[in-house]
Protein chains: 2
Amino acid sequence: MRRLAKVNTGTEAPRRTRIQQEKRELILEAALEVFSTNGFRGSTIDQIAEAAGMSKPNLLYYFRRKEDIHETLMQRLLDTWLAPLRELDDIGDPLTELRSYIRRKLEMARDFPRESRLFANEILQGAPRIMPLLAGELKTLVDEKAAVIKGWMRAGKIARTDPWHLIFSIWATTQHYADFDVQVRAVLGPNRGGDGRFEDAARFLEQLFLDGLKPKG
Amino acid sequence: MRRLAKVNTGTEAPRRTRIQQEKRELILEAALEVFSTNGFRGSTIDQIAEAAGMSKPNLLYYFRRKEDIHETLMQRLLDTWLAPLRELDDIGDPLTELRSYIRRKLEMARDFPRESRLFANEILQGAPRIMPLLAGELKTLVDEKAAVIKGWMRAGKIARTDPWHLIFSIWATTQHYADFDVQVRAVLGPNRGGDGRFEDAARFLEQLFLDGLKPKG
DNA sequence: CAAATTTTTGACCGATTGGACAAACGTTAG
DNA sequence: CTAACGTTTGTCCAATCGGTCAAAAATTTG
């Protein structure tokens, strides 16, 4: 009876055995850990293989090239990473929607810091591997949501301002707590830099985005 | 007559000839370019040497190890990078002071994006080389300025909130335009992503930090 | 000028890298 | 069981890496 051929087709034919599925997940999990802390060029296949508990040739049996691992990781990443923005909905109170979006993004920075750092690494180095996605899929989504926000502004539900830069500022402030986590904890010190820092950040960001810094009165 | 001995003392004795000064600057400039786009491990001495227009052994005559270049670069960076925060002054109107700080930081993101990316690269990878500086010099400075801001809040000059996270949010939003520049331009597109994007960002950030998003009324 | 010193380079080295390969080992269908 | 296929590994390789070294070239000093 016909069995499966080579695994590493990469582009298509994802028919895989149980072992293949499991081992590929194991490798991707290990690669996320290694890539997110060392960058692509700073990471070695040996590091990933050791983190995944297997030999280098064995890893290369599941992913033919180092770049294939990174590519698979980035493809998966973008979907989950943009999910909060996709949820931004025209129905419902605008200020509540924005507050929820900020909160969800901050939770992702707290719960998936490796994903955030992997993405940041890629962008920092000029996004050589995902540039088309940025100018295509991402731009389309942001433009769409910017239109929604503009509608809220026209309706007088939120202050008039630039929707694109608003989205950037939400990305920047929330992802900062994942990407610059080391610095945040170093500056806050042992007491304030503990587990409570995300709640402090949530409170601060809510106030910033809703009311700004001008004193009441 | 006694001449200069080896150049690479590194830690002290910075007596240098004209050629040494010039060539060292040339190397540091080239290294800034290379390190900021490839990270430390992703950059090679050959790349830096080529960017500086000299041979690898010649470069190693001025900096004995690759790490020495990076270290020198980081030391210089922190001084100029924190200058805007150091200027944050207790005298003068608080809201004006904060607005000036945001503007200066945004100008630095525009005029020195490579420095910003170099710093981001280092922090992203756990700040292995400057951790002591973060927990020492940086924390001291931020704590000091947080106290100044707290004074403004007590005096009712600005809204009460967390001064540390306020500083983080200013860092995050401004540096975003340097570190994530590729993404910003990809999303904004050819028209809005042109040279005017920093002015748009300045306008938006001023409104965000002063008034927030709640509609006037 | 010439000697002393600084600067530059080609050649080289050991270590590490991404990846190839064949042989050994496991597993499963008939 | 056994043959066919999937999985794993030890070994090897060429390229690249950071860095050395001695000797040539350029510069400075007296």
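Naming: A, B, ... by sequence-line order, numbering from 1 per chain. As a basis for the values below, the full set of heavy atoms in this structure was taken, side chains included, without hydrogen atoms, waters or symmetry mates.
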5′-ward residue of the pair A:G53/B:K66 relative to DNA chain D: A:G53

Partner of B:D68 under side-chain hydrogen bond (donor to acceptor under 3.5 Å, both in side chains), chosen from B:R65, B:K66, B:H70: B:R65

Nearest-angstrom distance from the residue atom NZ of B:K23 to P of C:dT9: 8 Å

Distance, rounded to the nearest Å, where B:N38 contributes CG and D:dT16 contributes P: 16 Å

Spacing of B:L60 atom CG relative to C:dG10 atom P, expressed in whole Å: 14 Å

Atom-pair distance (CD1 on B:I48; P on D:dC17), nearest Å: 11 Å

Short side-chain N/O contact to D:dT7 OP1/OP2 from A:N58, under 4.0 Å: no

Pair B:D89 + B:K145, salt bridge at N-O below 4.0 Å: no

Side chain of B:D46 (C-beta onward), nearest among D:dC17, D:dG10, C:dG18: D:dC17

Nucleotide of D:dC17, C:dG19, C:dT7 approaching B:Y62 most closely (side-chain heavy atoms): C:dT7

Protein-nucleotide distance (B:Q47, atom CD; D:dG18, atom C1'), rounded to Å: 13 Å

Nearest-angstrom distance from the residue atom CD of A:E50 to P of D:dT9: 13 Å

Salt-bridge present (A:R99, A:E206; N to O < 4.0 Å): yes

Touch class at under 4.0 angstrom, heavy-atom based, for A:K56 against every strand present: base

Sidechain N-carboxylate O distance under 4.0 Å for B:R76, B:E25: yes

Residue A:I45, side-chain atoms from C-beta onward, closest of C:dG19, D:dG19, D:dT7: C:dG19

Minimum-distance nucleotide (side-chain atoms of B:Y61 versus C:dT8, D:dG19, D:dT20): C:dT8

Partners passing ring pair (Phe, Tyr, Trp, His ring centres under 6.0 Å) against A:W152 (at least two apart in sequence or in another chain): none

Candidates D:dT9, C:dT9, D:dC17 - which lies nearest the side chain of B:M54: C:dT9

Atom-to-atom span, CD of B:Q21 to P of C:dT7 - whole angstrom: 11 Å

Length of the line joining B:R64:CZ and D:dC21:P, which is rounded to integer Å: 11 Å

